[in-house]
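This report concerns only the one structure given below.
Chain letters run A, B, ... following the sequence lines, proteins first, then strands; residues in each count from 1.
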Amino acid sequence: MADKLVLVDGNSVAYRAFFALPLLNNEKGVYTNAVYGFTTMLLKILEEEEPAHMLIAFDAGKTTFRHETYKEYKGTRQKTPPELAEQLPLMRDLVKAFNIAYEEVENYEADDIIGTLAKRAEKEGWETKIFTGDKDLLQLVDEKIHVALLRKGITNVDTYDLKQLQEKYGLKPSQIIDMKGLMGDSSDNIPGVPGIGEKTALKLLAAHDTLEGVYENIESVSGKKMKEKLVENEQQAVMSKKLATILTEVPLKMTLEDLSLGERNTPALLELFRDLEFSSLIDRIDPDGGAAGEEQLEDVEVQVIDDLDPSMLATPSALVIESLEENYHNATIVGGALANETGVYFLSPEVLAKSSTFKEWAKDESQEKIVFNAKRAVVGLAWQDIPLEGVIFDGQMASYLIDPGAASHEMADIAKRKKGMQVQRDETVYGKGKKMHVPEEAVLAQHVGRKAAAVLELKPDLEKELQENEQLELLTELEMPLSIILGRMERHGVAIDKEELEKIGEGLTERLQEIETKIHDMAGTVFNINSPKQLGEILFEKMDLPPLKKTKTGYSTSADVLEKLQDQHEIIPEILLYRQLSKLNSTYIEGLIKAIHNKTGKIHTMFNQALTQTGRLSSTEPNLQNIPIRLEEGRRIRHAFVPSKDNSYILAADYSQIELRVLAHISGDENLIEAFRHGMDIHTKTAMDVFEVEEAKVTSAMRRTAKAVNFGIVYGISDYGLSQSLGITRKQAQSFIDKYLESYPGVSEYMDSSIEEAREKGYVTTMMNRRRYLPEITSRNFNLRSFAERTAMNTPIQGSAADIIKKAMVDMDKAMDKEKTKAVMLLQVHDELIFEVPENEVESFSEVVKKVMESAIEIDVPLIADVDYGKTWYDAK
DNA sequence: GCCCTCACGC
DNA sequence: GACGTACGTGAGGGCA
């Protein structure tokens with residue numbers, strides 16, 4: 001087997017990576033996108049090619065020997081963007097750590113180095129593969145030299161040998177430079193012959209083989225104009241060819257043997273990756289986060305104990321309660337770990353269940369606990385009737401607050417930030433899906449113990465960062481108390497009238513069957529209405545309806561498309577109805593029935609408190625934040641949400657227009673502030689301003705449009721988004737937005753300053769100092785940049801609203817304690833709180849909740865909460 | 001198992 | 001001028 005050589009055009013790959021990927025930067029503000037792309041490319045090459053020899057060539061200085069021939073060579077090139085330039089040295093460090101040969105030579109380009117080495121290798125009978133984004137390199141293709149051209153994106157390549165080059169371009173490798181001689185290359189500022197483009201050049205070369213051949217046979221060239229141009233520019237053509245020719249005799253000191261690929265320096269790579277925050281790549285070179293590397297963490301000494309001795313307790317202690325299921329309600333606890341100044345201990349499930357020492361310690365508020373995902377630990381133990389008090393720090397919450405956009409808030413990834421610390425990811429230890437299992441106790445103890453040791457050790461670092469960001473209060477006064485409250489809500493659960501659900505379900509199933517038959521009859525064939533693919537084929541092929549929109553995979557059959565076809569065929573309204581009812585049945589009837597807990601008969605959702613980019617909560621298994629309300633048919637589902645005790649009510653309290661009130665406050669816009677102070681209907685007010693009419697002249701259509709505009713402001717949608725929701729053109733949508741901003745100049749100024757702030761600082765903040773980083777705000781990609789700009793305007797609004805209701809929840813919890821009420825907080829739905837309240841308290845409680853919510857924070861406009869109650873959630877409207 | 005489309009809420 | 005365009009969760013289909 002002959003030796004295999006891989007040559008990489010370093011500059012070309014770096015450029016590609018830079019422009020293909022969004023502008024990432026690490027914590028220190030260093031841009032990393034090009035390095036990241038470059039590294040993934042290297043890893044891919046190393047894995048797939050397994051070369052014995054390898055070299056990465058870079059351009060050295062600005063000028064090369066080609067500039068002696070032609071001063072203007074590459075004269076039109078834009079300067080390397082500084083964001084890329086600063087990344088080039090990092091790539092050099094990386095190449096070194098990979099132990100790959102590296103070369104740049106004054107006066108020559110990377111191409112020439114590659115050409116020289118490829119030819120030398122060919123003489124020795126080696127196979128060479130060249131990786132580049134530059135088509136010029138194709139001139140080097142030969143029997144034993146192949147060129148891998150980067151396609152769009154970064155890790156996909158097209159590999160060319162002689163045959164493929166012929167097929168794709170109809171050219172021999174040597175003719176690439178003849179092409180350049182004729183047609184030039186605007187990116188390198190090579191002139192070529194004016195007026196000759198790709199088509200003509202190909203035709204000429206097909207007839208005469210080379211540039212020289214063309215001139216030797218110039219008389220036989222057809223077309224007077226073309227001949228003139230060729231003759232006039234002969235010198236320029238010859239020079240262009242020369243410029244495009246890759247030199248294959250660069251005086252290189254190195255020998256081919258010097259290119260042999262050494263062993264990679266894994267510790268050095270790991271350190272670089274950690275600095276650059278390439279956590280996914282750390283896994284790729286070393287799935288255990290460096291456990292096998294030289295800088296292995298001193299083995300965490302984890303004692304597996306039979307009984308917890310008081311001498312093992314100290315405050316603070318880190319506590320990990322481990323369960324494998326994602327859903328922690330009534331989950332099987334496979335063990336726990338304690339880490340403190342006295343050591344690291346693993347507690348088996350039996351010890352946790354039996355040890356009175358542990359239970360006493362757990363509920364002792366003065367014994368401070370440091371945890372990672374407090375709610376998970378608290379709820380997990382609560383199901384075992386073990387109260388957990390005194391939780392003072394949550395490492396996962398800290399990570400989320402520091403950067404909600406971080407790729408992961410897993411222990412394994414956060415631990416990587418600190419040198420010398422390794423925690424395996426749960427998936428590595430436990431497996432996933434069907435293969436998930438509890439490992440032998442020694443392995444389990446080591447893993448869980450490591451986590452406890454890690455969170456204990458990470459706390460000062462995380463705290464310091466929070467301190468620097470002025471976010472400590474956000475953690476300790478808002479999110480941590482809220483964790484406990486949410487945990488209680490989840491554990492308490494929401495009572496469900498299962499019979500009611502089943503009754504609604506029966507009605508739905510019956511109607512669905514009728515509609516299904518009707519649709520099949522109308523279509524003249526039986527098909528699966530739930531399959532967009534089949535439905536598309538029936539509607540747009542068999543029935544010849546006009547396909548208004550396409551998706552990646554075929555015809556779009558979404559509701560907005562079907563609504564436009566409403567009148568074209570009577571089958572359409574039936575399909576829309578079928579969709580609506582089938583959604584209700586599968587997600588809300590069947591889904592909710594499945595979610596009823598076999599032990600409590602209630603539904604226990606999980607609120608994810610460390611997920612959204614804005615600071616809102618999310619809700620899963622089941623999601624209780626998207627129970628239908630807008631259409632009566634779906635709203636009936638709410639009949640099944642009932643109080644868990646007799647003689648109690650469901651009480652719902654929702655903030656009125658909280659986001660727009662926040663906007664009024666943050667922007668200080670006088671018009672908007674006045675509107676809220678006068679208690680105006682805000683959509684009517686917006687309609688008056690946008691349409692320039694007085695209140696009495698606002699039609700319902702105007703109000704609807706104004707409502708959509710307000711919706712757009714609150715959610716940061718684009719002109720396109722607004723045009724979609726109103727069924728108007730983008731231009732019209734933009735003019736509504738413009739008119740809005742004209743009417744509310746304070747809002748307009750706020751929008752600009754918010755974008756400006758994001759550009760300056762790299763992030764935006766909410767009223768309670770929540771952060772969101774927006775690195776793409778400086779992207780050259782219009783889309784990414786626009787998105788970041790809308791996010792910069794919207795996140796402080798939506799995020800501050802999230803802050804406020806979270807604060808209201810914490811305040812409400814205190815108020816409920818003080819009032820000694822028997823009422824229970826059940827759910828939060830972004831701007832709304834749901835409680836169950838004993839009948840005799842319902843009036844007084846209504847007043848308390850209204851007061852607490854409205855005074856959660858003092859802002860420049862009144863906060864209004866509307867309270868309602870009834871026998872079911874449906875009736876609390 | 002994973003991705004896509006669709007649909008529900010705020 | 002092109003990019004694909006609030007945030008979430010979940011169900012079902014279709015492909016590997």
Please tell me which of the listed nucleotides, [options], lies nearest to the side chain of [X]?
| X | options | value |
| --- | --- | --- |
| A:Q798 | B:dC4, C:dA6, C:dG4 | C:dA6 |
| A:N783 | C:dC3, C:dT9, C:dA11 | C:dC3 |
| A:N626 | C:dG13, B:dC8, B:dC10 | B:dC8 |
| A:S531 | C:dA6, B:dG9, C:dG14 | C:dG14 |
| A:T551 | C:dT9, B:dC10, B:dC6 | B:dC6 |
| A:K583 | C:dG12, C:dG4, B:dC8 | B:dC8 |
| A:Q534 | B:dC4, C:dA11, C:dG14 | C:dG14 |
| A:S556 | B:dG9, C:dG4, B:dC6 | B:dC6 |
| A:V829 | B:dG1, B:dC8, B:dC10 | B:dC10 |
| A:S618 | C:dA11, C:dG8, B:dG1 | C:dG8 |

Checklist entry - Which sits closer to the 5' end of DNA chain C, A:T612 or A:N530, going by the nucleotide each is nearest to? => result A:T612
Item to check | Of A:E621 and A:R616, the one whose closest DNA chain C nucleotide lies more 5' | outcome: A:R616
Can you measure [X] atom [atom1] to [N] atom [atom2] for me and round it to whole angstrom units?
| X | N | atom1 | atom2 | answer |
| --- | --- | --- | --- | --- |
| A:F711 | B:dG9 | CZ | C1' | 10 Å |
| A:N608 | C:dC7 | CG | P | 16 Å |
| A:R785 | C:dA2 | CZ | P | 16 Å |
| A:R635 | B:dC8 | CZ | C1' | 14 Å |
| A:E537 | C:dG13 | CD | C1' | 13 Å |
| A:I797 | C:dC7 | CD1 | P | 14 Å |
| A:L631 | B:dC8 | CG | C1' | 10 Å |
| A:I804 | B:dC10 | CD1 | P | 18 Å |

Next on the checklist: Looking at A:K806 and A:E479, is any side-chain nitrogen of the basic one under 4.0 Å from a carboxylate oxygen of the acidic one?
Outcome noted: yes
Checklist entry - Would A:Y588 count as stacked on B:dC8 if the rule is ring centres under 5.5 Å and plane angle under 30°? => result no
Checklist entry - Are A:H520 and A:F527 an aromatic pair by the rule of ring centers under 6.0 Å? => result yes
Item to check | Aromatic ring proximity, centroids under 6.0 angstrom, A:Y740 and A:F736 | outcome: no
Answer with base, sugar-phosphate or nothing: what part of the nucleic acid does [X] contact at a heavy-atom distance below 4.0 Å?
| X | answer |
| --- | --- |
| A:Q580 | sugar-phosphate |
| A:S786 | nothing |
| A:K432 | sugar-phosphate |
| A:N528 | sugar-phosphate |
| A:L611 | sugar-phosphate |
| A:L617 | nothing |
| A:R780 | nothing |
| A:S582 | nothing |
| A:F787 | sugar-phosphate |
| A:S619 | sugar-phosphate |

Can you tell me how far [atom1] in [N] sits from the matching atom in [M], rounded to whole Å?
| N | M | atom1 | value |
| --- | --- | --- | --- |
| C:dA2 | B:dC8 | C1' | 33 Å |
| C:dG1 | B:dA7 | P | 34 Å |
| B:dG9 | C:dA6 | C1' | 13 Å |

Indicate yes or no for a side-chain donor-acceptor contact from [X] to the backbone of [Y] under 3.5 Å, with no hydrogens or angles considered.
| X | Y | result |
| --- | --- | --- |
| A:T517 | A:Q513 | yes |
| A:T40 | A:G37 | yes |
| A:Q471 | A:L401 | yes |

Would one find a side-chain N or O of [X] under 4.0 angstrom from OP1 or OP2 of [N]?
| X | N | result |
| --- | --- | --- |
| A:T553 | B:dC3 | no |
| A:K533 | C:dC15 | yes |
| A:T620 | C:dG8 | no |

Checklist entry - Can you find a side-chain donor-acceptor pair between A:E490 and A:Y328 that sits under 3.5 Å? => result yes
Next on the checklist: Using Watson-Crick or G-U wobble geometry with both distances under 3.5 Å, which nucleotide pairs with C:dG12?
Outcome noted: B:dC4
Checklist entry - Is the base of B:dC8 touched by the side chain of A:R630 through a donor-acceptor pair closer than 3.5 angstrom? => result no
Next on the checklist: If you apply the rule side-chain contact (heavy atoms from CB on, under 4.5 Å), what do you find for A:Y750 with A:I797, and how did you get there?
Outcome noted: CA-CA 11 Å; A:Y750 156 73; A:I797 304 173; 3.9 Å; yes
